[in-house]
There are 2 protein chains.
Amino acid sequence: MATMHDVARLARVSVSTVSYVLTGTRPISEATRTRVLAAMAELDYQPNAMARGLATRRSRIVGLLMPMDERGLGATETAFVTGAAAAASAAGYHLVLSPVGAADHDVLRRLATQGMFDGVVLMEVQVEDDRVAALQEAGLPVVLIGRTGDTAGLSYVDIDFEQTVHEAVDHLVGLGHRRIVYVNHSADAIAAGYGPALRTRDAFCAAMARHGLEPVMIAAEDSAAGGRAALSAAVAQVPDLTAVLAMNESAIFGILGELAIRHRAVPGDVSVVSMVTSPQVAELAHPALTAMTSPGAALGRIAMEALLRQLEGVAKEHHQQLLPCALEVRGSTGPAARTGGDVGLTGSGPPDT
Amino acid sequence: MATMHDVARLARVSVSTVSYVLTGTRPISEATRTRVLAAMAELDYQPNAMARGLATRRSRIVGLLMPMDERGLGATETAFVTGAAAAASAAGYHLVLSPVGAADHDVLRRLATQGMFDGVVLMEVQVEDDRVAALQEAGLPVVLIGRTGDTAGLSYVDIDFEQTVHEAVDHLVGLGHRRIVYVNHSADAIAAGYGPALRTRDAFCAAMARHGLEPVMIAAEDSAAGGRAALSAAVAQVPDLTAVLAMNESAIFGILGELAIRHRAVPGDVSVVSMVTSPQVAELAHPALTAMTSPGAALGRIAMEALLRQLEGVAKEHHQQLLPCALEVRGSTGPAARTGGDVGLTGSGPPDT
DNA sequence: GCCCGTCGTCGAAACGCTTCGACTAAGCGG
DNA sequence: CCGCTTAGTCGAAGCGTTTCGACGACGGGC
């Protein structure tokens, strides 16, 4: 409640002197400095954020822009948020969470022009995403989590899907698997240009090709039911599959459930690798899932740090970085079954929803 | 980038007139209003948030204060956040996410005095929590998610643990269960005064007493391993238990895993009810868990709306509200086994980590 | 003994908005 | 026809900072 005026009066100096003590922009004698500091302490003075923001034209507020659909955030997205929040807070910035749909153009521009944000981190970027352009036009520093198709002139941090898929496939092939099915996100997501789905699809093809194997891919709705359906489809297409690689965090449990119903043991008959998964989720399954653990919090933190560096003028170039997911072998993968044959194929259960 | 000055000049009116058009605090003739509006549109004018905040002494920013430990947020907490964010955004407020530990007193006071927040929602409140007092001293409107022991003069929204536990117990008793074990949060959490743990403990005692049954309770660490250990302990203490009621979202999968190891079928031999759980998590298990679904997003939304009402001066009284979790029967509960006996007790497997 | 640069401080002008008091021009009841 | 209210507008004074230009004092090089 106390203002700089009060402090100045109590310390018998001018307001500007108090400001200089605070910001250190001009030399101040030791004597007055201590007098001013004492006055501040006595009055329990805190500089007013709004006033400071107005005068400096820097709010020390950064935005975290993300679509917040009904279903809420998955573990990985939540990790982005907490990582970014921690980094911002550590640097003395405030982080505002702005739910902004992929199509909310005007909302976005309003946010950008209001002068409330020094910069923003944009999550859930599509391969084609004009929000990026809108923000840049407004002159707002932006860092992406995820990336557009054309990344020229952009700062981003993303998961290295190519690398991650290759590692996962290598792991399975190394265990002797040959008939591997990739369960991706939904066909809708792919059609909509959802980056992770697209990139993992291509990477899976490439990885399988490198081993001289044929890539089989199934799209799954983001739900347990979707997972069950996907597994049914997979078995129908490749009856003697020995491994499933799944991108879809929501579908994975449906996949496991359907495998159980069909009496295919994991990892005895079928090995399962879950991609871009948080350890917590991987531990939930039984057996615990061998997974590519997403560097969620790290990604959020790195993105935020890159943004702040840009704001502070430390970095002028763009920050572009890919982080692979780390392979963590747990209980759901093992050597490929000897006979690639038709184990348990008979009970080709109902497609189920 | 355009300021009110520019708009005023272009519309050939004074700055104050532009302001009145914007805020509607004084009558403006239709003619000038349209002229001003046209000028705004032409210049693509957006009022500067900082300047407005400084002049009105209202930032239209609210804080969401929560401890953000290493492990990150659970599904329920995440729902609080998204619910609150959506509500704030819908009302034209900005929501800043502030990781603030339970002990960060000075950080809290600094946040409160900086004038950046019009009000705050405080999450993860302890039964004894002096942060609440600190915030109130600073004159900041506060709404809690969760509640302290003494709620006089406070606004809060919380889960109705009493009601929730009673419903859960009634459900199990209604299915014929008599030997029900409650798996709570860790002993540490209870000792630290973690409200949900305390309140469910008491409620469980009361609910069991009402049915003339003896309450058996086990504390579990928040992990799958903790769940396994807890179930082992439970079986040791009540060999013929037929139902488990679990509070601990992290431990629940350990409990299920350990049951599987001990060849106790769910729900054939043992029924399991998970408390304060999100549907997504409940669906992950196999069989899907009968659970008390936490009203996560609703809680966040209601808390935020209460805060905003307070800020707008609409509501003067305090908002105190409890929401029960909704019982959603899925596959993990069924009639109590006929013979309460020693089914599967022989294979009293290793405590496992 | 001068001139100049640096140190330490001050006053005032921004920053972009809201809001108060005042003023003009109508409209209107008596 | 006069004084009152009311609609409509303006200018100026804030809001609490930062920052720029200025100014006195002081010390050093010559």
Side-chain angles (χ1 to χ4, degrees), chain A residues 1-37 39-40 43-61 92 94 110 112-118 139, chain B residues 1-37 39-40 43-61 92 94 110 112-118 139 312-313:
Chain A
M1 290 305 190
T3 77
M4 269 181 93
H5 257 96
D6 304 329
V7 174
R9 189 165 40 239
L10 183 58
R12 321 205 127 273
V13 296
S14 78
V15 199
S16 44
T17 302
V18 177
S19 175
Y20 293 134
V21 169
L22 232 35
T23 62
T25 23
R26 282 200 188 176
I28 293 287
S29 74
E30 199 48 40
T32 47
R33 152 173 286 111
T34 57
R35 242 184 25 256
V36 169
L37 258 23
M40 286 184 182
L43 295 176
D44 193 22
Y45 168 75
Q46 287 296 130
N48 180 291
M50 292 288 132
R52 201 202 282 264
L54 180 56
T56 58
R57 270 158 301 272
R58 328 234 15 257
S59 60
R60 297 192 74 83
I61 296 179
H94 292 282
R110 203 160 315 151
T113 347
Q114 265 180 159
M116 166 130 302
F117 298 148
D118 288 349
Chain B
M1 288 306 188
T3 77
M4 268 179 95
H5 256 96
D6 304 328
V7 175
R9 188 165 41 239
L10 183 58
R12 321 205 125 272
V13 296
S14 77
V15 198
S16 43
T17 301
V18 178
S19 175
Y20 293 134
V21 169
L22 233 35
T23 63
T25 24
R26 284 202 188 174
I28 294 285
S29 75
E30 199 48 40
T32 47
R33 151 173 287 109
T34 56
R35 241 183 30 254
V36 169
L37 257 23
M40 287 185 180
L43 295 176
D44 194 20
Y45 168 75
Q46 286 298 128
N48 180 289
M50 291 288 131
R52 200 201 282 265
L54 179 56
T56 58
R57 272 158 300 272
R58 328 232 18 256
S59 61
R60 297 193 74 83
I61 297 178
H94 291 282
R110 203 159 316 151
T113 347
Q114 262 181 163
M116 167 132 300
F117 297 148
D118 288 348
E312 307 285 358

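Proteins get letters first, then strands, A, B, ... in listed order; numbering begins at 1 in each.
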If you check every side-chain atom of [X], which of [options] has the closest atom?
X      : options                  : answer
P27(B) : dT18(D), dG8(D), dT18(C) : dG8(D)
H5(A)  : dT17(D), dG11(C), dT9(D) : dT17(D)
T32(A) : dT19(C), dT9(C), dT18(D) : dT9(C)

If you apply the rule side-chain hydrogen bond (donor to acceptor under 3.5 Å, both in side chains), what do you find for S14(B) with T17(B), and how did you get there? CA-CA 5 Å; S14(B) 77; T17(B) 301; 3.2 Å; yes
Length of the line joining [X]:[atom1] and [N]:[atom2], which is rounded to integer Å:
X      : N       : atom1 : atom2 : result
R57(B) : dG14(D) : CZ    : C1'   : 8 Å
D6(B)  : dC17(C) : CG    : C1'   : 13 Å
L43(B) : dC17(C) : CG    : P     : 12 Å
Y20(B) : dG21(C) : OH    : P     : 11 Å
L54(A) : dT18(D) : CG    : C1'   : 10 Å
R9(A)  : dT9(C)  : CZ    : P     : 19 Å
M50(B) : dT18(C) : CE    : C1'   : 16 Å
N48(A) : dT18(D) : CG    : C1'   : 13 Å

Could you check whether the side chain of [X] and the base of [N] have a donor-acceptor pair of N or O atoms closer than 3.5 Å, going by distance alone?
X      : N       : answer
R26(B) : dT19(C) : no
R52(A) : dT18(D) : no
R35(B) : dG8(D)  : no

Contact class for [X] vs. all strands (heavy atom < 4.0 Å): base, sugar-phosphate, or nothing?
X      : value
S16(A) : base
Q46(A) : sugar-phosphate
S19(B) : base
I28(B) : sugar-phosphate

E30(B) side chain near T34(B) side chain, heavy-atom distance below 4.5 Å: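 Yes - at least one pair of side-chain heavy atoms lies under 4.5 Å apart.
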Evaluate the side-chain proximity of Y45(B) to L10(B): yes if any heavy-atom separation is below 4.5 Å, no if none is. no
Under 4.0 angstrom between S14(B) side-chain N/O and dC10(D) OP1 or OP2: yes
Please tell me which of A2(A) and V13(B) maps to the more 5' nucleotide of DNA chain D, matching each residue to the nucleotide holding its nearest heavy atom.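 Per heavy-atom nearest nucleotide, the more 5' residue is V13(B).
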Which residue, R57(A), R60(A), R58(A), forms the salt bridge (charged side-chain N to carboxylate O under 4.0 Å, His left out) with D118(A)?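 Going through R57(A), R60(A), R58(A) one by one, the salt bridge (charged side-chain N to carboxylate O under 4.0 Å, His left out) with D118(A) is satisfied by R58(A) alone.
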M1(A) to D6(A) - nearest heavy-atom pair and separation: O-OD2, 4.4 Å
